[in-house]
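Just so we're clear, the structure is a prediction, and the values are computed from it rather than from any experiment.
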2 protein chains.
Amino acid sequence: MRPTKALERVVPIGTLAERTGVKVETIRYYEQVGLLPEPERSEGNQRRYGRAHVERLAFIKHARDLGFAVESIRTLLRLSDTPGMPCDEAHAIAAGHLGEVRDKIARLRSLEAELARIATVCSGGVAARDCAVIEALADHSHCEHHDH
Amino acid sequence: MRPTKALERVVPIGTLAERTGVKVETIRYYEQVGLLPEPERSEGNQRRYGRAHVERLAFIKHARDLGFAVESIRTLLRLSDTPGMPCDEAHAIAAGHLGEVRDKIARLRSLEAELARIATVCSGGVAARDCAVIEALADHSHCEHHDH
DNA sequence: CTTGAAGCTATAGTGGCTATAGGTTGTAGG
DNA sequence: CCTACAACCTATAGCCACTATAGCTTCAAG
């Protein structure tokens, strides 16, 4: 009796995808852009992954889930691969990304307020000429930079 | 004495760009995807815009600033062009977009919390093997779906 | 040995621009 | 009138991080 799938140490790409929650196509993409090293191949040229690949792909997925760019992940992986290096760069990447996320939140919140205001005034049912949504977009009173 | 630039009624693309805050290339792109109608041309084949174009482009810019997708803007413009139509669709687009923005904010906030936690634990200066950032990414304890 | 799922490569498409190359036109100064 | 140069033109490729498609080959169960 062969080992069950869940315990196998050398797995094809579909199993790697299942285990990590990363799609097959995305795994091949990560290989293509050099995030994930090229694995061994079967006699029939199919990819065969080991434990190290699972670990590395999980790392990548965590980082992507946290919104890190692929380029940042490349750097983070390099740091992770050389445990003796100082981690200042990792901290800078994380702090920088946190800043970006906070900026994005701030921008979205002001968008949210504006959209909520607009969508509340018009609940549909009226003619487009009297619609607050259309009016808000056509209106120039919010233009800060230009006097058209 | 010719009218000053600011008062001219028929303007080239650069002036339209200045007046609306939309880049020249982006204006041409909007024309290409059918948001902005093709303008008249000068004898030398250069675009000449009138007041209607300024209005329409301003509408587009407001909508993009609010984060509406180009496809949504296409619909909103169509509604705006036919003022007698009921505006339910416009309301649906705005409400839908508001929902998306709120979802995005929610997701970013949980990201922010996680990143802040990670970035606070490690302020740099230690070896990568002890870095909270690297560790958090390599760590499997947050994996919900898989037992790798 | 057959069948069907899973794998393979290469290529194009997504959204919303932005950039580049290589040419033409408009216009102000001399 | 001529020259210089900014502004304009088209067509095409690139950006990010995938996702989808077409047309194959391989693997594994029955």
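Residue B:Arg74 places its CZ atom among more than 12 non-hydrogen atoms of other residues, nucleotides or ligands, all under 6.0 Å distant.
The distance between atom CZ of B:Arg28 and atom C1' of D:dC9, rounded to the nearest whole Å, is 7 Å. Computed from coordinates, the A:Glu18 CD to C:dA6 P distance equals 9 Å when rounded to whole Å. Rounded to whole Å, atom P of C:dG7 lies 15 Å from atom NZ of A:Lys23. In this structure, CD1 of B:Ile13 is placed 10 Å from C1' of D:dC9, rounded to the nearest angstrom. The OH-P distance, from B:Tyr29 to D:dT10, rounds to 17 Å in whole Å. Look at CD1 on A:Ile27: it is 14 Å from P on C:dA6, rounded to the nearest Å.
Within 4.0 Å of A:Tyr30, counting heavy atoms only, lie sugar-phosphate atoms of the nucleic acid but no base atom.
Taken from CD1 in A:Ile134 to CD in B:Glu89, the straight-line distance is 9.5 Å, to the nearest 0.5 Å.
Nucleotides of DNA chain D nearest to A:Gly44 and B:Pro12 differ in position, and the one nearer the 5' end is that of B:Pro12.
The side chain of A:Arg47 contributes no N or O atom lying less than 4.0 Å from OP1 or OP2 of C:dG7.
Of the possible donor and acceptor atoms, one in the side chain of B:Arg64 sits under 3.5 Å from a partner among the backbone N and O of B:Phe68.
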